[in-house]
Amino acid sequence: MSKGTFYITTPIYYPSSKLHIGHTYTTVAADAMARFKRATGYDVKFLTGTDEHGQKLQRAAQERGMEPKAYIDEIVEGIKKLWKTMEISYDIFIRTTDDYHKRRVQQIFQKLYDKGDIYKGEYEGWYCTPCEAFWTETQVEDNKCPDCGRPVELTKEEAYFFRLSKYQDALLKHFENHPEFLEPLSRKNEMINNFLKPGLEDLCISRTTFSWGIPVPFDEKHVIYVWLDALSNYATALGFPEEMEGDYRKYWPADIHLVGKEIVRFHTIIWPAMLMALEAPLPKKVFGHGWILLEGGKMSKSKGNVVDPVILTERYGVDALKYFLLREYSFGQDGIFSNEVLLNRINADLANDLGNLVSRTVAMIDKYNGGIVPAPTIAGDFDEELKNLAVSVSAKLEEKMNKLDFSNALDEIWKLVRRTNKYIDETAPWILAKDGEQKGRLDTVLYNLAESIRIISVLIRPFMEATTKKIWMQLGMDEHQGTTWEDSASFGKLPTGLKVRKAEALFPRIDIAKELEELESLSKPKTVEVKEEEKAVEEKPEITIDDFAKVDLKVGEIVECKKHPKADKLLILQVKIGKETRQIVSGIAKYFESEELVGKKVVVVANLKPVKLRGEESKGMILAAESGEELVLLTADIDSGAQVS
RNA sequence: GGCGGCGUAGCUUAGUUGGCUAGAGCGUCCGGUUCAUACCCGGAAGGUCGGUGGUUCGAGUCCACUCGCCGCUACCA
């Protein structure tokens with residue numbers, strides 16, 4: 001009976017801040033896919049969850065004087081509540097703090113260690129102590145940390161490494177032999193050219209600098225870092241490697257890992273390499289979808305429009321938001337969100353087209369046939385065209401869905417919605433109703449309308465469960481009357497004699513101008529919250545006045561400025577501080593033309609240890625303040641050389 | 001700088017291996033209709049398919065160059 005299994009996953013989300021529309025987007029898409037596969041006869045497993053370890057969460061909990069787990073529990077409750085609101089039909093919600101996951105991650109670690117694919121860092125690596133970061137031979141220039149410019153050293157600091165480099169060729173081959181492995185296709189070259197071809201470095205997979213994580217099984221000083229801990233969730237959730245005969249055998253390898261484009265790299269290089277090392281099959285497909293951006297770029301506080309999915313569902317309903325997200329945007333590409341785009345889409349497709357179609361059909365059955373769905377008797381013009389289209393939609397829908405083309409999948413359904421509306425105009429039931437002789441024809445038209453709506457209701461079900469149920473209620477039908485996916489491909493499954501029920505509009509039409517104003521006023525208090533949240537995260541540890549006194553801040557005048565010949569983001573400045581003129585390299589080329597800086601008096605960190613930045617010496621650093629896309633230099637209208645304190 | 005992608009009607013976009021009279025939705029204008037959530041249906045206007053040159057009987061589709069965006073990557077003390 002089952003066509004086979006289908007295992008789909010979302011990323012596990014990091015619960016350090018409130019989830020936004022982007023997380024909802026991924027999860028809603030995965031949910032629609034899962035529901036679609038269930039409807040079409042697959043045995044589906046749908047996994048989502050949370051990634052709960054790491055320094056950031058440990059700190060956040062500390063700041064609130066809480067145990068990490070207790071702190072995270074609260075946030076995770078919120079996430080689960082959000083998914084409940086969005087009617088997400090996940091089968092498993094994994095938390096990386098779940099005992100079974102921790103145990104299995106340790107088993108994986110042990111396995112890889114035993115095999116020799118994990119080794120302790122006696123590795124000739126370069127370590128930058130202040131940055132707590134390891135660097136590779138190629139990254140280190142002149143014994144300097146590429147991140148901070150300070151000297152690095154060959155360290156004896158212990159760390160465990162995964163032999164990522166060993167799998168480079170196998171990965172390349174896999175990309176070549178499995179064009180469907182990574183979609184959209186454009187990402188594939190990015191991975192191959194930027195990572196695989198230049199060569200992979202072994203990956204540091206343990207930390208000793210914080211403790212909130214899964215301990216390395218045989219070396220408790222170390223906790224397992226995010227790569228192994230988080231990525232492996234897709235397999236540990238099924239039992240791997242502890243319980244290989246249950247869900248793991250049944251559902252692995254995953255059919256689709258749905259991820260945002262920013263984490264494609266981890267899912268198509270690191271995760272597959274780990275699986276290769278474990279001798280486990282690779283996921284069949286990783287799909288990196290685009291981002292939903294706000295007008296003018298990323299989510300920005302100054303724009304004042306932070307998108308909160310909960311508010312939107314409260315105002316327009318879950319189904320409207322889900323429909324909008326999947327219909328409006330091409331799944332592989334970025335798209336722009338605005339309230340206006342949302343409201344226009346809801347009005348046009350849901351209120352005017354679908355909602356109104358149901359409304360007018362039910363009203364006509366009510367008015368012309370006492371609310372009873374009549375039996376069709378006399379066929380006429382336009383019937384065949386409507387029927388042919390109606391029964392053909394499900395196949396086209398399947399084709400689009402299997403390509404994760406949600407937008408066009410929905411559009412296929414709406415072609416039928418529009419065709420059905422047109423059928424009403426063509427047959428003009430209100431004219432037939434005036435002529436008693438035409439009763440048979442009228443009955444047929446009314447039946448065909450109700451039947452088309454029945455088909456539509458089945459087709460939209462994976463995307464809009466609640467709406468489907470509402471339509472059934474209005475048609476007076478129950479879930480045993482032509483509601484399977486197969487039933488959507490045949491015309492005439494709707495029983496006659498049903499008693500329709502007029503009800504509230506499926507999607508009330510929105511007064512867009514008025515609504516936009518209200519949303520505008522709603523978004524303002526939100527803005528402040530977000531700002532405060534961000535601030536909290538970025539706070540640095542307290543220092544004393546002595547610490548601060550070590551920094552020598554002076555005013556310097558920019559006397560000359562040019563672009564760095566070998567770097568896009570760097571400017572080379574000649575800065576006069578008192579009598580001395582020195583060269584400072586600064587990463588502000590994105591923000592300023594070189595000419596406009598000459599003559600400016602800026603604040604300089606004068607006693608910073610000199611470094612070479614892509615071959616150019618830099619003695620000091622220019623202070624600037626950055627917020628989102630904006631950057632301003634700290635200027636001081638006073639003689640150059642003046643001390644700042 | 002390296003690698004990759006994208007530029008098609010006012011907006012969002014479809015155009016698989018070259019045959020298109022370049023489609024669609026929204027918006028605009030005109031008309032029809034009254035069953036319906038002032039909705040729906042029809043029609044029209046609007047495109048030198050970023051630019052230049054080439055290959056070809058024929059190019060939005062292939063090639064070269066060029067302009068403009070974007071992504072990843074290196075460099076932002």
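By convention in this document, chain letters (A, B, ...) are assigned in the order of the sequence lines, proteins followed by strands, and residues within each chain are numbered from 1.
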Nearest-angstrom distance from the residue atom CD1 of A:I292 to C1' of B:U12: 14 Å
Length of the CG-P vector between A:L633 and B:A77, whole Å: 12 Å
Heavy-atom protein contacts under 4.0 Å, nucleotides 25-34 of chain B, coded B base, S sugar-phosphate only, - none: -------BSS
Using a heavy-atom cut-off of 4.0 Å across all strands, would you classify [X] as base, sugar-phosphate, or nothing?
X: A:S586; value: sugar-phosphate
X: A:I192; value: nothing
X: A:V264; value: nothing
X: A:P429; value: nothing

Residues that A:K576 engages under salt bridge (charged side-chain N to carboxylate O under 4.0 Å, His left out), provided they are two or more places apart: none
Please tell me which of the listed nucleotides, [options], lies nearest to the side chain of [X]?
X: A:S618; options: B:A77, B:C72, B:C35; value: B:A77
X: A:A363; options: B:C35, B:C75, B:U37; value: B:C35
X: A:R265; options: B:A36, B:A38, B:U73; value: B:U73
X: A:K422; options: B:U37, B:C40, B:G42; value: B:G42

Along RNA chain B (nearest heavy atom to each residue), the more 5'-positioned of A:G355 and A:M191: A:G355
5' precedence on RNA chain B between A:L506 and A:L608 (nearest-nucleotide basis): A:L506
Can you name the atoms? Protein N/O to nucleotides 1-5 of chain B N/O, anything below 3.5 Å, with the distance.
unit_1 : atom_1 : unit_2 : atom_2 : d
B:G1   : N7     : A:D568 : OD2    : 2.7
B:G2   : N2     : A:N194 : OD1    : 2.8
B:C3   : O2'    : A:N193 : ND2    : 2.5

Result of checking A:H178, A:E183, A:E180 against A:K285 for side-chain hydrogen bond (donor to acceptor under 3.5 Å, both in side chains): A:E183
What integer number of Å spans the [atom1] atoms of [N] and [M]?
N: B:A44; M: B:C6; atom1: P; answer: 33 Å
N: B:G23; M: B:C65; atom1: P; answer: 33 Å
N: B:G43; M: B:C49; atom1: P; answer: 26 Å
N: B:G71; M: B:A24; atom1: P; answer: 33 Å
N: B:A74; M: B:G2; atom1: P; answer: 16 Å

Do the side chains of [X] and [Y] get close enough for a salt bridge, i.e. N-O under 4.0 angstrom?
X: A:D334; Y: A:K261; result: yes
X: A:D383; Y: A:R441; result: yes
X: A:E580; Y: A:K554; result: no

Look through every strand shown and name the nucleotide pairing with [N] as Watson-Crick or G-U wobble, where both distances are under 3.5 Å.
N: B:G58; answer: none
N: B:G71; answer: B:C3
N: B:U37; answer: none
N: B:A64; answer: B:U52
N: B:C26; answer: B:G10

Derivation of the ring pair (Phe, Tyr, Trp, His ring centres under 6.0 Å) call for A:F287 and A:H257: CA-CA 6 Å; A:F287 195 102; A:H257 288 320; over 10 Å; no
Phosphate OP1/OP2 of B:U37 contacted by A:N347 side-chain N/O (<4.0 Å): no
Checking [Y] against [X]: is there a side-chain donor and acceptor pair closer than 3.5 Å?
X: A:K439; Y: A:N369; answer: yes
X: A:N339; Y: A:E515; answer: no
X: A:D202; Y: A:S165; answer: yes
X: A:E617; Y: A:Q583; answer: no
X: A:S330; Y: A:Q333; answer: yes

